[in-house]
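Both counts, for ligands and for their atoms, begin at 1 and track the order of listing.
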Amino acid sequence: KIEAGKMSIEKAEFSLDNVLANISNLFAFQIEEKGLELLFDVDMNVPMALKGDELRLNQVLTNLVSNAIKFTSNGEIIISIKLVSNDEQNAEIRFDVKDTGIGISKEQIERLFTSFSQADSSTTRKYGGSGLGLAISKQIIELMGGSISLESIPNVGSDFNFTIKFELQEKQKDFAQNTN
Ligand code: ADP
């Protein structure tokens with residue numbers, strides 16, 4: 001759908017709280033089963049009443065968190081959310097999905113965001129997967145006007161982060177004005 005240029009991005013009111021609650025529910029069982037922890041670190045000044053594509057945001061976070069769980073055998077997954085900048089209309093928000101997993105080497109990072117690429121062929125044997133998730137996530141984020149990047153240290157962990165600018169809901173704009 002993306003390659004055909006047919007994927008459109010919605011703009012509707014949604015609450016960021018909801019998205020995070022969904023992620024938490026979706027992965028609770030897997031996290032418990034692997035003996036990991038899923039932590040949310042959301043800055044106080046991040047607005048929750050946004051306009052944008054909730055479904056696509058969900059897809060991207062789901063993909064990143066699912067990878068983080070897949071490639072981590074002990075420790076924690078932290079989703080941290082920060083306000084990068086804002087004005088009366090918009091808020092630019094940064095999402096980080098950090099894990100304490102196997103990590104990715106520098107050479108592998110360069111190949112990662114290409115369709116069907118996996119860090120190396122032993123990954124495929126051990127963990128399965130198609131290598132499509134990140135390529136799609138990257139395109140979705142770019143369609144939403146954002147960008148994704150990655151920092152990782154082998155055997156220490158990875159930090160996938162992306163930044164997206166969302167329009168604020170009317171009530172959130174009032175809130176912003178009153179607290180400025
Ligand atoms: P898939 O998981 O289906 O192979 P992805 O595009 O989601 O496809 O990931 C591509 C590759 O990137 C994975 O096969 C793995 O090598 C690497 N990778 C992705 N996320 C992580 C992570 N959190 N930790 C370590 N390696 C990762």
Legend entry - Shortest heavy-atom approach to atom 6 (O) of ligand 1 - which of Val97, Leu134, Ile136: Leu134
Legend entry - Gln108-Ser105 side chain donor-acceptor pair, cut-off 3.5 Å: yes
Legend entry - Any Gly101 heavy atom less than 4.0 Å to ligand 1: no
Legend entry - Shortest non-hydrogen contact from Ser158 toward Leu150: CB-CD1, 4.2 Å
Inset, instruction - Could you tell me how the ring of Phe95 sits relative to the ring of Phe162: parallel (under 30°), tilted (30 to 60°) or perpendicular (over 60°)? - result: parallel
Inset, instruction - Check which hydrophobic residues are tied to Phe29 through side-chain heavy-atom contacts below 4.5 Å, counting indirect links as well, and list them. - result: none
Inset, instruction - Give yes or no for whether the N/O distance cutoff of 3.5 Å, strictly under, is met between Gly133 and ligand 1. - result: yes
Inset, instruction - Have a look at ligand 1 and work out which part of Leu64, if any, has a heavy atom under 4.0 Å from it: side chain, backbone, both or neither. - result: neither
Inset, instruction - Have a look at ligand 1 and work out which part of Lys70, if any, has a heavy atom under 4.0 Å from it: side chain, backbone, both or neither. - result: side chain
Inset, instruction - Report, in ascending order of atom number, the atoms of ligand 1 lying under 4.0 Å from any heavy atom of Ser158. - result: 24 (N)
Legend entry - From Asp159, Asn161, Thr163, residue fulfilling side chain to side chain donor-acceptor pair (under 3.5 Å) relative to Ser149: Asn161
